[in-house]
Structure formats: C-alpha cells, structure tokens
Colleague: 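Below is the structure I would like to discuss, written out as structure tokens.
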Number of protein chains: 2
Amino acid sequence: MESKTAVAALAALAHESRLAGYRLLVQAGPDGLSVGDLQASTGIPPATLTHHLHALRRAGLIADTRDGRSIICRVDYAQMNALLAFLTENCCGDASACAPRTVCKPDRPTRRNRP
Amino acid sequence: MESKTAVAALAALAHESRLAGYRLLVQAGPDGLSVGDLQASTGIPPATLTHHLHALRRAGLIADTRDGRSIICRVDYAQMNALLAFLTENCCGDASACAPRTVCKPDRPTRRNRP
DNA sequence: TCCATAGTTCTAGAATAATAGAATAGATGG
DNA sequence: CCATCTATTCTATTATTCTAGAACTATGGA
C-alpha cells in the first residue's frame with residue numbers, strides 16, 4: 001500500500017460518524033448494510049451520511065452496489081488488511097516477529113445479497 | 001478502546017508526515033528514535049515536527065523521555081494493538097474467525113536507551 | 001403516468017487543522 | 001556562566017473539512 005492511500009484511509013476513518021459506520025459494516029460482514037440501515041443505526045441526516053460514505057468510498061475502504069432502491073455498502077476487506085499491514089510493516093525491525101499478514105478473509109457474499 | 005480514543009489515534013495517523021514518523025518509530029522498535037533523528041529522516045522544520053509529534057502524543061500513540069539534550073520517542077505498542085483490535089472487533093460478526101487479539105509484544109527497551 | 005421511497009448533489013457558513021518564523025526553555029561542556 | 005545544541009511554545013496566515021437544508025435523480029409499485 002502507498003503512503004497516500006494509507007493517509008486517505010486513515011483520514012476517512014478519523015471521524016466519529018465514519019468510524020462508527022465502518023465498524024458496523026466490518027461487523028456486518030460480506031453481506032453489508034444498506035445506506036438506510038446505516039442511517040437508521042446512526043441517526044445522521046441523509047446529506048451528511050452521503051458525504052461521509054463518499055469519504056469512505058474515495059479511500060477504497062468500502063464499495064457499494066445498487067439493489068433495487070437501496071444501495072448496499074460493504075467493507076473492502078483487502079483494503080482493511082492492507083492498511084493494518086502497512087501500519088505494522090516491519091514492526092520492531094523484523095516483520096516475522098510481529099504482525100501477521102492477513103487479518104480477515106471473509107466468505108463471498110450470500111447469493112441473496114450479491115450484486 | 002473507546003471510540004473517541006480511536007478517532008484521535010486515526011486522526012493523528014491521517015497525515016503524511018505523522019504517518020511517516022510513526023512508521024519509522026514502529027520499525028525502530030522499543031529503543032525509539034530522538035526528535036532529531038526524526039527531523040533528519042523527514043526534513044520537516046522543527047516547529048512543524050513538534051506540532052505533529054504533539055498530535056501523536058495526545059493520541060497516546062507515542063511517548064517520550066528526555067535523554068540529555070535529546071528527547072527519545074517510542075511507540076506505545078499497547079495502544080497500537082488496541083487500535084487495530086478496535087477496527088477489526090467482532091469482524092464478520094465473529095471475533096474468533098478473523099482478527100487476532102495481539103499483534104506486537106515488543107521486548108523491553110535496551111538498558112542503554114531506557115528512561 | 002403518478003407517487004412514494006432511497007440516496008445524491010449543490011451550496012455556503014462554521015469549525016478545525018496545517019505551516020512555519022521568531023522567540024523561548026532546558027541541558028551540557030568549556 | 002556563557003555558548004551551543006535540542007526541542008518547544010507562541011503566533012498568524014492559509015487551507016481543508018464538517019454540517020445539513022433544499023433541490024434533484026433513480027427505482028419500483030399502483
């Protein structure tokens with residue numbers, strides 16, 4: 001991962017609302033959540049939520065697909081792992097002693113929720 | 001870890017200069033680096049570097065101790081691990097399947113560099 | 001076609017963060 | 001105790017991000 005990508009990802013996460021939304025998506029797993037679900041969970045006004053989701057998208061942390069009237073957001077787990085790996089890269093001068101390479105390898109989305 | 005602590009830590013890392021400095025410290029391990037070392041590596045003017053280091057300190061990501069005229073900065077590995085754990089907490093709805101609890105357990109600082 | 005639902009874009013004022021020069025403080029050696 | 005080295009604080013300017021109302025677009029059902 002490039003430094004600029006990591007900065008963008010960290011900046012995207014460095015906000016109470018966005019971090020909360022991202023964590024909900026991480027916990028939701030590969031099926032993701034709709035924008036409406038996120039709005040219901042967080043109580044953020046639609047325009048503000050869109051603004052925040054856009055920041056997460058630009059950073060490559062989440063991706064979304066339309067499902068009828070809803071838009072389903074999902075975490076990009078590869079990007080999540082890459083970010084964690086970047087932070088801990090060569091930790092203590094010896095990569096093998098510290099951080100693992102992969103944190104999460106989620107299953108495919110269920111058929112119901114696949115794009 | 002509390003959400004506000006995580007946001008503060010992420011915000012502190014969400015900057016090219018600070019991220020670079022933090023990663024240098026992560027790789028330096030428990031012995032840390034002096035402010036002067038960091039300045040030499042990054043080329044950032046002193047006042048600006050202090051400003052950035054202060055952000056990392058406030059966020060609890062690094063701590064420092066004076067050693068003669070120098071100030072030695074070290075990563076707080078517990079905080080680093082807590083942040084990574086917070087991001088991946090209950091990942092995919094099942095903590096045990098995904099993220100590990102601890103990433104790095106560094107040795108104590110060498111005697112030479114201990115406070 | 002008409003309506004309700006789900007999200008986005010536009011906009012602009014308010015708040016926060018970044019940058020770095022100059023002055024300052026703290027430690028050590030001569 | 002003075003010069004020097006190391007780093008911080010003060011300050012002001014510039015730049016970026018946040019917030020959310022209002023208007024708009026897209027989808028699907030009646």
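Throughout, protein chains are lettered first and strands after them, A, B, ... in sequence-line order, and every chain is numbered starting at 1.
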Colleague: Whole angstroms only, please: what is the CG-P distance between D64(A) and dG7(C)?
Modeller: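 Taking atom P of dG7(C) as the reference, CG of D64(A) is at 10 Å.
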Colleague: Starting from C1' on dT16(C), measure out to NE2 on H52(B) and report it in whole angstrom.
Modeller: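 From H52(B) NE2 to dT16(C) C1': 15 Å.
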Colleague: Nearest to the side chain of A47(B), which nucleotide is it out of dT19(D), dT8(C), dT9(D)?
Modeller: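 Out of dT19(D), dT8(C), dT9(D), the nucleotide with an atom closest to A47(B)'s side chain is dT9(D).
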Colleague: Out of dA18(C), dA20(C), dA7(D), which nucleotide sits closest to the side chain of R18(B)?
Modeller: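 Nearest listed nucleotide: dA18(C).
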Colleague: Under a 4.0 Å threshold between the charged nitrogen and the carboxylate oxygen, would R23(A) count as salt-bridged to E89(B)?
Modeller: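 Salt bridge present between E89(B) and R23(A).
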Colleague: Do R74(B) and T65(B) have side-chain atoms, one donor and one acceptor, less than 3.5 Å apart?
Modeller: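 Short answer, yes.
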Colleague: Does any donor atom in the side chain of S34(A) or D37(A) lie under 3.5 Å from an acceptor atom in the other side chain?
Modeller: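 Per modelled atom types, S34(A) and D37(A) side chains form a pair under 3.5 Å.
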Colleague: Check whether any side-chain N or O of N81(B) sits under 3.5 Å from a backbone N or O of Y77(B) as a donor-acceptor pair, and report yes or no.
Modeller: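 Yes, N81(B) side chain to Y77(B) backbone: donor-acceptor pair under 3.5 Å.
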Colleague: Nearest 0.5 angstrom please: I44(A) CD1 to R18(A) CZ, how far?
Modeller: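 Rounded to the nearest 0.5 Å, the CD1-CZ separation comes to 10.0 Å.
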Colleague: Choosing from dT9(C), dA20(D), dA7(D), which nucleotide comes nearest the side chain of T50(B)?
Modeller: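 When the side chain of T50(B) is considered, dA7(D) is the closest of dT9(C), dA20(D), dA7(D).
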Colleague: Using a cut-off of strictly less than 4.0 Å, decide whether T48(B) has a side-chain nitrogen or oxygen near OP1 or OP2 of dT19(C).
Modeller: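 No.
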Colleague: Which nucleotide in the set dA22(D), dG26(C), dA20(C) lies at the smallest distance from any side-chain heavy atom of R66(B)?
Modeller: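 Ranking dA22(D), dG26(C), dA20(C) by closest atom to the R66(B) side chain puts dG26(C) first.
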Colleague: Write down the distance between CG (L10(A)) and C1' (dT17(D)), rounded to a whole number of angstrom.
Modeller: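 The answer, rounded to whole Å, is 16 Å.
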Colleague: Taking atom P of dT14(D) as reference, at what distance in whole Å does atom NE2 of H51(B) sit?
Modeller: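 Value for this atom pair: 17 Å.
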Colleague: Can you tell me how far P of dT25(D) sits from CD1 of I71(A), to the nearest Å?
Modeller: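 One finds 15 Å between P of dT25(D) and CD1 of I71(A), rounded.
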Colleague: If you check every side-chain atom of H15(A), which of dA7(D), dT8(C), dT19(D) has the closest atom?
Modeller: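 Out of dA7(D), dT8(C), dT19(D), the nucleotide with an atom closest to H15(A)'s side chain is dT19(D).
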Colleague: If you check every side-chain atom of P45(B), which of dA20(D), dA20(C), dT8(C) has the closest atom?
Modeller: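 The nucleotide sitting nearest to the side chain is dA20(C).
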Colleague: 5'-most contact on DNA chain D: G68(A) or A55(A), nearest heavy atom basis?
Modeller: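 The residue mapped nearer the 5' terminus is A55(A).
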Colleague: Report which part of the nucleic acid S70(A) touches: base, sugar-phosphate, or nothing (heavy-atom distance under 4.0 Å, all strands).
Modeller: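 S70(A): backbone/sugar contact only, no base atoms under 4.0 Å.
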Colleague: Could you tell me how far apart L56(A) (CG) and dC18(D) (P) are, to the nearest whole angstrom?
Modeller: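 One finds 11 Å between P of dC18(D) and CG of L56(A), rounded.
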Colleague: Just checking S17(B): base, sugar-phosphate only, or nothing, at a heavy-atom cut-off of under 4.0 Å?
Modeller: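 Contact class for S17(B): none.
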Colleague: Give a yes/no on whether any side-chain N or O of R57(B) is located under 4.0 angstrom from OP1 or OP2 of dA7(D).
Modeller: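 R57(B) to dA7(D) OP1/OP2: no side-chain N or O under 4.0 Å.
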Colleague: Quick check on DNA chain D: between R69(A) and H54(B), whose nearest nucleotide comes earlier from the 5' end?
Modeller: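 The answer here is H54(B).
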Colleague: How many Å lie between CD1 on I72(B) and P on dT8(D), as a whole number?
Modeller: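 One finds 12 Å between P of dT8(D) and CD1 of I72(B), rounded.
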Colleague: Rounding to an integer number of Å, can you tell me how far Q39(B) CD sits from dT8(D) P?
Modeller: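 So the two atoms are 10 Å apart, to the nearest Å.
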